[in-house]
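A short write-up of the structure that comes next.
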Amino acid sequence: MNYWLMKSEPDEISIDDVLSMKSVPWFGVRNYQARNFMRDAMRVGDGVLFYHSSCAQPGIAGIAEVSSTSYPDHTQFDQDSKYFDPKATRENPRWMMVDIKALRKTRLLSLAELRSVPELASMLVLQKGSRLSITPVASHEWETILAILDK
DNA sequence: GCCAACGTTGGC
DNA sequence: GCCAACGTTGGC
């Protein structure tokens with residue numbers, strides 16, 4: 001079992017939005033590293049820290065899980081989508097996605113608070129210049145965060 | 001809105 | 001394969 005942190009702009013999809021649905025297809029990822037994580041490493045049941053980014057209060061907003069293996073992101077074929085990719089074909093899809101299922105909303109564990117916890121200093125999302133929308137989370141980081149949230 | 005940091009593109 | 005130019009991310 002692996003753990004992940006996945007960023008979402010709450011203006012687009014917030015933890016409340018995801019909670020209101022059984023599962024959501026994580027379309028629109030257009031970064032190879034992030035795609036490779038979904039395609040090669042994600043398994044059904046993997047834990048997900050749902051992170052709100054590009055907003056007034058960035059931070060972890062909920063807990064989710066991976067609910068499907070990867071499959072082609074249909075928006076790459078849709079000319080009307082902002083995620084359309086003219087170089088992608090149905091025979092050779094370039095972008096993949098998984099489904100995500102929200103488990104619960106948490107209190108907002110802010111970026112500032114994450115930075116204040118020494119055990120979490122290794123988190124990829126906290127590294128300088130980190131922009132990846134999907135990053136692996138070490139099991140000790142996952143457990144530390146759950147312990148903080150359950151306190 | 002600013003801007004540092006990063007990823008991608010494309011000419012050579 | 002190099003690398004400058006460009007576009008994007010995302011905190012502040």
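Values below: every heavy atom of this structure, side chains too, minus hydrogens, waters and symmetry copies. Chain letters run A, B, ... following the sequence lines, proteins first, then strands; residues in each count from 1.
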Measure [atom1]/[X] against [atom2]/[N] and give the value in whole Å, please.
X        : N      : atom1 : atom2 : result
A:Ile60  : C:dG10 : CD1   : P     : 15 Å
A:Arg131 : C:dT8  : CZ    : C1'   : 6 Å
A:Ile134 : B:dG7  : CD1   : P     : 15 Å
A:Tyr32  : B:dT9  : OH    : C1'   : 10 Å
A:Gln127 : C:dT9  : CD    : C1'   : 17 Å
A:Trp95  : B:dT8  : CH2   : P     : 7 Å
A:Leu124 : C:dT9  : CG    : P     : 19 Å
A:Asn31  : B:dA5  : CG    : P     : 19 Å

**Prompt:** Salt bridge check: are A:Arg30 and A:Asp73 linked by an N-O gap of less than 4.0 Å?
**Reply:**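 A salt bridge is present here (some side-chain N lies under 4.0 Å from a carboxylate O).
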
**Asked** Is the shortest side-chain N to carboxylate O distance from A:Asp16 to A:Arg104 below 4.0 Å?
**Response**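 Not counted as a salt bridge, because no side-chain N and carboxylate O are separated by less than 4.0 Å.
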
**Message:** The side chain of A:Arg94 is closest to which nucleotide in this list: C:dG11, B:dT9, C:dT8?
**Reply:**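 So the nucleotide nearest the side chain must be B:dT9.
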
**Request:** Go through B:dG10, C:dG10, B:dG7 for me and flag the one nearest to the A:Lys87 side chain.
**Result:** B:dG10

Tell me whether the side-chain N/O atoms of [X] come closer than 4.0 Å to OP1 or OP2 in [N].
X        : N     : value
A:Tyr51  : C:dT9 : no
A:Lys7   : C:dT9 : no
A:Lys128 : B:dA4 : no

**Request:** Decide if the gap between the ring center of A:Trp95 and the ring center of A:Phe84 is smaller than 6.0 angstrom.
**Result:**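 Not close enough - the centres of the two rings lie 6.0 Å or further apart.
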
**Message:** For A:Phe50 and A:Trp26, take the angle between the two ring planes, folded into 0 to 90°, and tell me which bin it lands in: parallel under 30, tilted 30 to 60, perpendicular over 60.
**Reply:**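 Plane angle over 60°, so perpendicular.
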
